[in-house]
Amino acid sequence: MTDSSTVSVKPDPVDDRALTKRVRRHVAGRIREYYAVTALGVEDFCRQELIDLDLDGSGLSVDTGGVAFAGRLVDCQRANLHLRTATRILMRIEAFSATNLRRLEKKTGDIAWELFLPAGHLPDVKVSSRRSRLYHTAAIARSIQDSITRRLDGAGGPLSPGFPQTLYVRAVEDRFTLSLDSSGEPLYKRGLKAGPARAPIRETLAAAMLMAAGYDSRRPLVDPLCGSGTFSLEAAMMAKQMAPGLKREFAFMGWPAFREDQWAFLKREAESHMTVLDHPLIFASDIDGGACQRLSGLILGNGLSDAVKVAQKDVFQCEANQYGGGQGLVTINPPYGIRIGSANQAAILFNRICRHLVQRFNGWEVVLIAPRDLVRQLPFATRRLPLFHGGLKLTLIVGTIQ
């Protein structure tokens, strides 16, 4: 990628107005290339989300593990704010060929880093290399950091606290692509809950599973093994049309191109689309009283009480007739024996759950995940998609309980 911002003129630290003009011209106002990173198997859902943000579908390119798109900086910010299935959004800075460290340092040093990075802030550099003559990732990272340091020498200004920056460097067959992370913390960290849960499912994956099941917020959703409540919280945000990034910060908020007034407008716009529901149609329950209490606090604290109702209950006490009539969706992430319990215990529990669903939720839709060796035990027909979660090979199961 060729970019006129990659000039070798040293920045003048005292000419703030000139720098501001360059930032607006080369970063804020220019159509640039971006890349939405996703979990494997989630790419098509992310592509549809980008189309729903009014980005030109013909300009989207689906790759293994992500979706490339073109837009202005405001589109990058909207993607961070609204995408439910992306892990992070990268801004493509530059691409070039290099077969030795000298050329790598020269090409990196030619980039106008003062347009992209907070004053005085050196990014963390993460490198991957495949089939390249430069393969020592630590040496590549040091060379790039040294080049950026020399480029920014004398730029002055304080560090920008609270917005750590990460530069991702990908080398394939001597071709280097440099991308700046606009998200910071992974996007599955919605800002709704603090601290890890036992055997959690990532929010981005839960959102993709709900999309795969065709979740309809007008119908009941039952989450009978809710744990930390990821399915219920994601469904609640969908039902209320709440942007998943409303309650968190992003790395781009530390960039020279960031404008507080523009960001405030994007958030107000997102908030204006939120709805208040007449009554909850999402029913979360768990045998663990402490988990239910924590989830109730999260729901109350994040304004989701109109969408979700929580009860302490064993999964085998849940029946379709308890949830207001009509057929809905059951979401289940069972303890499948890899993270919790033994494989034998997981198989027994999985079979019990499947039998219970057939007896008590006949005609409902179901979405669940399970190890691939348990899938053959399902007593009803389903669609099955490969799923990768925490380095594990699982299966996403979607179907009608019969």
Side-chain angles (χ1 to χ4, degrees), residues 37-43 45-46 49 65 83-88 185-215 221-239 242 244-245 248 282-288 290-292 294-295 298-299 302 304 307-308 310 315 318 329-341 343 346 349-350 353-354 357 365-372 374-375 382-399:
V37 180
T38 72
L40 296 177
V42 177
E43 300 91 345
F45 297 110
C46 184
E49 285 194 279
L83 293 186
R84 302 184 190 278
T85 58
T87 303
R88 64 180 69 254
E185 291 275 14
L187 294 179
Y188 60 78
K189 296 188 176 182
R190 310 296 202 204
L192 299 184
K193 54 186 179 182
R198 194 169 180 235
I201 182 173
R202 285 182 176 175
E203 286 76 357
T204 46
L205 194 55
M209 292 173 66
L210 291 171
M211 293 176 188
Y215 169 55
L221 181 146
V222 176
D223 185 8
L225 286 166
C226 67
S228 62
T230 302
F231 276 123
S232 295
L233 293 170
E234 288 300 305
M237 286 192 288
M238 289 181 178
M242 174 182 172
R248 54 160 288 168
I282 300 166
F283 302 93
S285 57
D286 201 283
I287 197 171
D288 185 342
C292 292
R294 288 188 293 272
L295 179 57
L298 288 174
I299 289 167
N302 288 288
L304 302 175
V308 187
V310 183
V315 62
C318 300
L329 173 67
V330 183
T331 62
I332 297 181
N333 177 25
Y336 38 77
I338 302 173
R339 297 180 186 273
I340 300 177
L349 177 61
F350 186 79
I353 290 173
C354 289
L357 291 176
E365 301 297 311
V366 66
V367 58
L368 60 91
I369 58 177
R372 295 177 184 178
L374 293 182
V375 172
T382 59
R383 289 188 292 118
R384 305 172 187 184
L385 302 172
L387 188 69
F388 298 88
H389 175 45
L392 305 175
K393 293 182 179 180
L394 304 171
T395 299
L396 168 59
I397 300 164
V398 180

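Once rounded to the nearest 0.5 Å, the distance linking CG of Leu295 with CG of Asp288 reads 11.0 Å. Ile369 contributes atom CD1, which lies 6.5 Å from atom CG of Leu205 (distance to the nearest 0.5 angstrom). Taken to the nearest 0.5 Å, the SG atom of Cys318 stands 8.0 Å off from the CG atom of Leu225. Rounding to the nearest 0.5 Å places CZ of Phe283 at 12.0 Å from CG of Asp223. Between the CE atom of Met238 and the CG atom of Leu210 there is a distance of 5.0 Å, given to the nearest 0.5 Å. A distance of 8.5 Å separates CG in Leu368 from CD1 in Ile353, rounded to the nearest 0.5 Å.
Side-chain atoms of Arg84 never come within 3.5 Å of backbone atoms of Met211 as a donor-acceptor pair (strictly under, hydrogens ignored). Using a distance-only test at 3.5 Å, with no hydrogens or angles considered, no donor-acceptor pair links the side chain of Glu365 to the main chain of Ala213. Between the Asp286 side chain and the Gly227 main chain, a donor and an acceptor come within less than 3.5 Å of each other.
Looking only at side-chain heavy atoms (C-beta outward), Phe231 and Ile201 come within less than 4.5 Å of each other. Contact annotation: the side chain of Val367 approaches that of Leu329 to within less than 4.5 Å [non-hydrogen atoms, C-beta and beyond]. Taking the side chain as every heavy atom from C-beta outward, Arg190 and Thr204 approach each other to under 4.5 Å. Side-chain contact between Met242 and Leu304 is present, with heavy atoms from C-beta onward closer than 4.5 Å. Side-chain atoms of Leu192 and Glu203, non-hydrogen and from C-beta on, never get closer than 4.5 Å to each other.
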Residues Arg248, Leu187; criterion side chain to side chain contact (heavy atoms under 4.5 Å, CB included); working and verdict: CA-CA 9 Å; Arg248 54 160 288 168; Leu187 294 179; 3.9 Å; yes
Full working for side chain to side chain contact (heavy atoms under 4.5 Å, CB included) between Val315 and Ile287: CA-CA 7 Å; Val315 62; Ile287 197 171; over 6 Å; no
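In terms of heavy atoms, Leu396 sits closest to Ala212 at CD2-CB, 4.0 Å.
Of the candidates Val398, Thr395, Ile397, Thr382 forms a side-chain contact (heavy atoms from CB on, under 4.5 Å) with just one, namely Ile397.
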